[in-house]
Each structure stands twice: as C-alpha cells, then as structure tokens.
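One structure is given below, encoded as structure tokens.
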Protein chains: 2
Amino acid sequence: MEDDSWVPPAVLVAVDLVIFTLRESRLQVLLVERGIDPFRGALALPGGFLAHPEEDLLDTAHRELAEEAGFAADQLHLEQLGVYGTPGRDPRGRVVSVAYLAITPRLPEPVAGTDASDAWWIPTDRALSPDTRLAFDHRRIVADGVERARTKLEHSALATAFCAPLFTISELQEVYEAVWGVRLDPRNFYRKVQSVDGFIEPAGPVRKTENGRPARLFRPGPRQSLHPPMNRPPATERTPS
Amino acid sequence: MEDDSWVPPAVLVAVDLVIFTLRESRLQVLLVERGIDPFRGALALPGGFLAHPEEDLLDTAHRELAEEAGFAADQLHLEQLGVYGTPGRDPRGRVVSVAYLAITPRLPEPVAGTDASDAWWIPTDRALSPDTRLAFDHRRIVADGVERARTKLEHSALATAFCAPLFTISELQEVYEAVWGVRLDPRNFYRKVQSVDGFIEPAGPVRKTENGRPARLFRPGPRQSLHPPMNRPPATERTPS
DNA sequence: GTAGCTTCCTGTCAAACTGACAGGAAGTGC
DNA sequence: GCACTTCCTGTCAGTTTGACAGGAAGCTAC
C-alpha cells in the first residue's frame, strides 16, 4: 500500500459446476474423467477458465454448462456455491475457482453430444466415498454442494428444480427423500406440502398414469422461500434402502 | 480449447469485508470513505487486493480486518459471503471480488487506530437507503450480507457472534429484533431460546446489574445449527421504534 | 422502610402444527 | 370379479406456538 509502484497480483479464475439431478431415486452429480494432467484419469467437476478477460462469471457457467453437458440456460436452476482459492489446490499454479450449483430435472439421455465425452452421472454418496479419486479439491466442493442442497430444501422451493415442469407430490417427495437420505410418511408429506402457501399449485384437472391410482399434477408456485419451512427429520443419515 | 497456445486470462482478485455489529440496538456495518478515485469521497466496504500471488483468500480477509479495522482474528465470526465479478463493476479494469461476512460484538471504541482512519459504523438501513452513495456494487454486497444474516439467524447460532462471551437472554433477543427488524415477545423468546438444544448454556450462578432485576448469564452452546429453528415472524418489515 | 419503577422469570391456555396410523378411492393386471 | 398398486382423506394424541397474567428481584425517591 505504501509503495505507489506496487501492482496487485493477477490470478487465474476458473468456474466449476456441481450439477445435480435425481436418477434411480438417488442424488447424482455429473463428473467428467480428466484427459490431461494433472489428475489425468481422475474424476472432476466440469468447468473451465474464463474464455476472455471480460467474460461474466455467470456467462462462463452457462457456457460450460452447454459445452460440457449440453444444457440450455433456461432449463435449470443455477446459483453460486462458493469460492475455492487455497494456494496449492491446483499444482499448475494459483487458480481461484468459483463453484456454481446447478440443478436439473432428470433428462431423457444422460449426457449426449457433450464436449467432454467421458461424463457420467455418479451418485453423490459414491462420489464422496473414500475410494473415489476426485481431482483438486473437488471432493470438498461436491460435499459443500450436497450440504447446500440439503439445507435449501428445508426453506426454499429448490426441490421443484429437480422435477419436470409438471410433477406429482410423490415425485416431489422422492426428491426430499433422496437428498436428505430419509424416508418420509407420504400422507404427512402430502398434507404439509400443500399447506405451505405458494410452494406448489395444482395444474389443472390433468392426471397421469403409472401403476396405481392416477396422481394429480402440480407446478411450482410463486414462492421461493417457504414459511413455515419443511421439517427435516432428526437425521437417520441412512440412504433409504 | 482447440488452440493449444491459448492461455487463460488472468484477473485481479480482491477481498471485501461486510463487518456487522450491533450498536444502539441497530444492525450496523463498517464503511470507509474512499480517499482515491474511482468513487473518491463515496463510502465503500473495507477491503483490498491480494498482497502477493500466493496469499490465501481467508488470510487476505484477516489481514484487511486487522489493517482496516483493528480486529484480531479470533474475536469474530468470519464466513464467505459470495463472489462479485461482473465486468465493469470496477472502472479500472476486471476485478473479481470475494466478499466475506464478519460479525463482531459491540466494541468499546468504534474504530481505533485503523489504517483507513475514515471508517464509520453506519446503520444498514441507512447504508442501503437510496440517498447513500456506495462505491462499486457495494450496495448489493451489503444487501446480500443483511439477507444472509437474517436467514442464518433462523437456523444457526450466529446471533451469539453479536454478543460478548457472556450475555443475557434479552441481549440475545436484541440481536434478533435488530437484524430482523421486528419486536419479539420476551417471554416466548425466553422459553424458545432455552428449549433449543445446544444453543446457549447457563454460565454459572453469576448475574449482572443494569436497571431492573439482574439477569442470568449465558454462553454460546456447542450447537451451530438449530433444530428446531428460531421462528421468524411474518415480516412487519418495520424497524422497531 | 416503603412506594414506584425497572427488568427478569415462571406459568397458563387456546390455537396450530406434527407424527403416527386407519382406511377408502381409483387405477392396473389376471 | 379379485389381488395389487399408488393416491388421497381423515382422525387423534402429543408438542409447539403466540398471547397474556402476574410474581420475583433489583434500583431510586421520599
């Protein structure tokens, strides 16, 4: 500060994406196999550096989302997760990475026509298990993403981002059960979810078939924050069998 | 990506601090008057660039905290708030700023012996009012900080960070009332706050005098997350007279 | 000392919410 | 038709919430 000729140091800024979806009733995250060093062969979050010095961070996230996973901007939830800038987290040099949390409904095909062709949906509990090797500090970032999703489910309408535009109440319950790793009583869930003011609203008299009695369809309501919040049961912390 | 000679762009990384405290029963934020262009004379959050290319972000935050406000590392709560990297937010060039949220108990002297001598505690509602000119996008950052504090008060023990090591229940209530901008019933607050498991614990038979009947003292409990959460009343959104 | 003031703390009560559970409604396949 | 599925409505006891009464324990004024 005292030295007028002092110039602040410049660092590389990257964007990493934690993309969540629900598949086979489990919370899964999109990971790519790295084709280059460092961490060649390890799994990593999709992401990359700013394309040019004036690219907005959110634009970078959207661009990577399209390039690496083929997602259009408007079909998913996207929010900032945090910054990860510990020196030494990237062996190539100082890289500050901005992590974004993206949530998408289950898509017809896993990952189609992507730039990084070696991309897979991995259940989060497997991604976080000790014997899965993740590049950089991406294990921590995934863990933070899971934690964020868990708490946001309590007092925001985030769960609907996992669902198609129209969904049934049991589909919504499936989201809560998968992310929280708990079983919920369908009847109490049914009552609760409809009593929270602008959470979900009925979508016409339309119905839908599968196996049993047809279920009513709902769409996301206007409310983003839930009052009163959804009640997370005292953590059995076991994935529902 | 296709061009092997492509080099990712480097940008400047700064750290900004949203430092909250409680003074005169109001939530206040520490702002400094800028002595240099751009935004000379406007109010801004304390902060600065990385001192050297290998400085950790959290270290930068602690260093600025000490330099600009004279706070030691261990006497306050510090957490990451978010990243602000819109191109054009700093007229001098591309700057990506990492905002940290700091919370400190009320201190004997406002701001003593600081580097930036023109620092003041400003009530947040005044800082956010239209006729206060804040530098850069700091208005947005302060607003995000307030919002973060409000929601974290609901389901974390953050409120105790505003208090001295030992505090009374009414002091704790004062925090909730100031940050939420609501009046709470002391009797219900008293009951609720003690029923939440590890939130606060009694600190000896010690007492303390002021004006009326002496109050029992408490210290922060081990629990960081509150189950069940504190209940935020349906937003009158008026500061308590 | 007592009256009057302050703030702190305990207790009560009705309304609302929660968790556990019974059982009927509306589809499917056989 | 029957068995089986899932969806939806209801009941009921235990807990939590919000509103409020009133006593306890300090201070100051007289």
Side-chain angles (χ1 to χ4, degrees), chain A residues 25 153-155 163-164 166-178 180 182-219 226-236 240, chain B residues 25 153-155 163-164 166-178 180 182-197 199-219 226-236 240-241:
Chain A
S25 299
L153 244 53
E154 294 184 51
H155 36 258
C163 299
L166 295 182
F167 52 87
T168 68
I169 290 194
S170 16
E171 284 167 355
L172 192 63
Q173 179 180 346
E174 214 183 324
V175 174
Y176 278 89
E177 292 186 332
W180 283 350
V182 191
R183 293 232 79 112
L184 301 173
D185 185 299
R187 298 160 291 189
N188 292 336
F189 185 84
Y190 197 91
R191 176 185 34 166
K192 171 70 177 174
V193 100
Q194 291 197 95
S195 75
V196 178
D197 194 29
F199 189 8
I200 60 175
E201 41 190 41
V206 197
R207 304 196 171 204
K208 188 183 150 190
T209 104
E210 190 178 339
N211 198 1
R213 171 178 177 175
R216 278 185 272 177
L217 290 177
F218 293 82
R219 83 178 101 248
L226 307 183
H227 286 282
M230 298 296 286
N231 230 334
R232 185 168 165 191
T236 332
Chain B
S25 299
L153 244 52
E154 295 185 52
H155 35 257
C163 299
L166 295 182
F167 52 87
T168 68
I169 291 195
S170 15
E171 284 167 355
L172 192 62
Q173 179 180 346
E174 214 182 324
V175 174
Y176 278 89
E177 293 186 332
W180 283 349
V182 191
R183 294 234 77 114
L184 301 173
D185 185 299
R187 298 159 291 190
N188 292 335
F189 185 83
Y190 197 92
R191 174 183 36 163
K192 170 71 177 175
V193 100
Q194 291 198 91
S195 75
V196 177
D197 195 30
F199 189 7
I200 60 175
E201 40 191 41
V206 198
R207 303 195 173 205
K208 188 183 151 190
T209 106
E210 192 177 337
N211 197 2
R213 171 177 177 176
R216 279 184 271 177
L217 290 176
F218 293 82
R219 82 178 101 246
L226 306 183
H227 286 281
M230 298 296 287
N231 231 334
R232 186 168 164 190
T236 333
S241 65

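Everything quoted here is computed from the prediction, not taken from an experiment. Residue numbers start from 1 in every chain, and the chains themselves are labelled A, B, ... in the order their sequence lines are given, proteins ahead of strands.
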Nearest-Å distance for atom pair CD/C1', residues B:Q173 and C:dC8 = 11 Å
Length of the line joining A:D197:CG and C:dC17:P, which is rounded to integer Å = 12 Å
Find the distance B:Q194:CD to D:dT17:C1' and express it as a whole number of Å.
-> 17 Å
Which residues satisfy the side chain to side chain contact (heavy atoms under 4.5 Å, CB included) test with B:R219, sequence neighbours excluded?
-> B:L166, B:E201, B:A203
Side chain of A:R216 - closest among C:dC8, C:dT10, D:dC8 | D:dC8
Report yes if a side-chain nitrogen or oxygen of A:Y190 is closer than 4.0 Å to either non-bridging phosphate oxygen (OP1 or OP2) of D:dC7; otherwise report no.
-> no
From CG of B:N211 across to P of C:dG4 the rounded distance in Å is 18 Å
Could you grab the distance from atom CG of A:L226 to atom CG of A:N231, nearest 0.5 Å is fine?
-> 12.0 Å
Spacing of A:N188 atom CG relative to D:dA13 atom P, expressed in whole Å = 16 Å
Contacts of A:P228 and B:L217 projected onto DNA chain C by closest heavy atom; the upstream (5') one is B:L217
Could you give the CG-to-P distance, from A:L184 to C:dA20, as a whole number of Å?
-> 10 Å
Nearest whole angstrom, please: distance from the C1' of C:dG19 to the NZ of A:K192.
-> 12 Å
Below 4.5 Å, heavy atoms only, C-beta onward: do B:E177 and B:S170 meet side chain to side chain?
-> no
To the nearest angstrom, the CG-P distance between B:D185 and C:dC8 comes to 13 Å
Could you pull out the protein-nucleic contacts involving nucleotides 21-25 of chain D (nitrogen or oxygen on both sides, under 3.5 Å)?
{"unit_1": "D:dA21", "atom_1": "N7", "unit_2": "B:R187", "atom_2": "NH1", "d": "2.7"}
{"unit_1": "D:dA21", "atom_1": "N6", "unit_2": "B:R187", "atom_2": "NH1", "d": "3.2"}
{"unit_1": "D:dG23", "atom_1": "N2", "unit_2": "B:R213", "atom_2": "NH1", "d": "3.4"}
{"unit_1": "D:dA24", "atom_1": "N3", "unit_2": "B:R213", "atom_2": "NH1", "d": "3.1"}
{"unit_1": "D:dA25", "atom_1": "O4'", "unit_2": "B:R213", "atom_2": "NE", "d": "3.4"}

Pairing residues for B:E174 by the salt bridge (charged side-chain N to carboxylate O under 4.0 Å, His left out) criterion, not counting sequence neighbours = none
Using a heavy-atom cut-off of under 4.0 Å over every strand shown, decide if A:S170 touches base, sugar-phosphate, or nothing.
-> sugar-phosphate
State, yes or no, whether a side-chain contact exists between A:R232 and A:Y176 at a heavy-atom distance under 4.5 Å.
-> no
List the atom of B:W180, the atom of B:E154, and the distance in Å for their closest heavy-atom pair.
-> CZ2-CG, 3.5 Å
Quick one: are A:V193 and A:Q173 in side-chain contact, heavy atoms under 4.5 Å?
-> no
Per A:R191 side chain, nearest of listed nucleotides D:dC8, C:dT7, D:dC12 | D:dC12
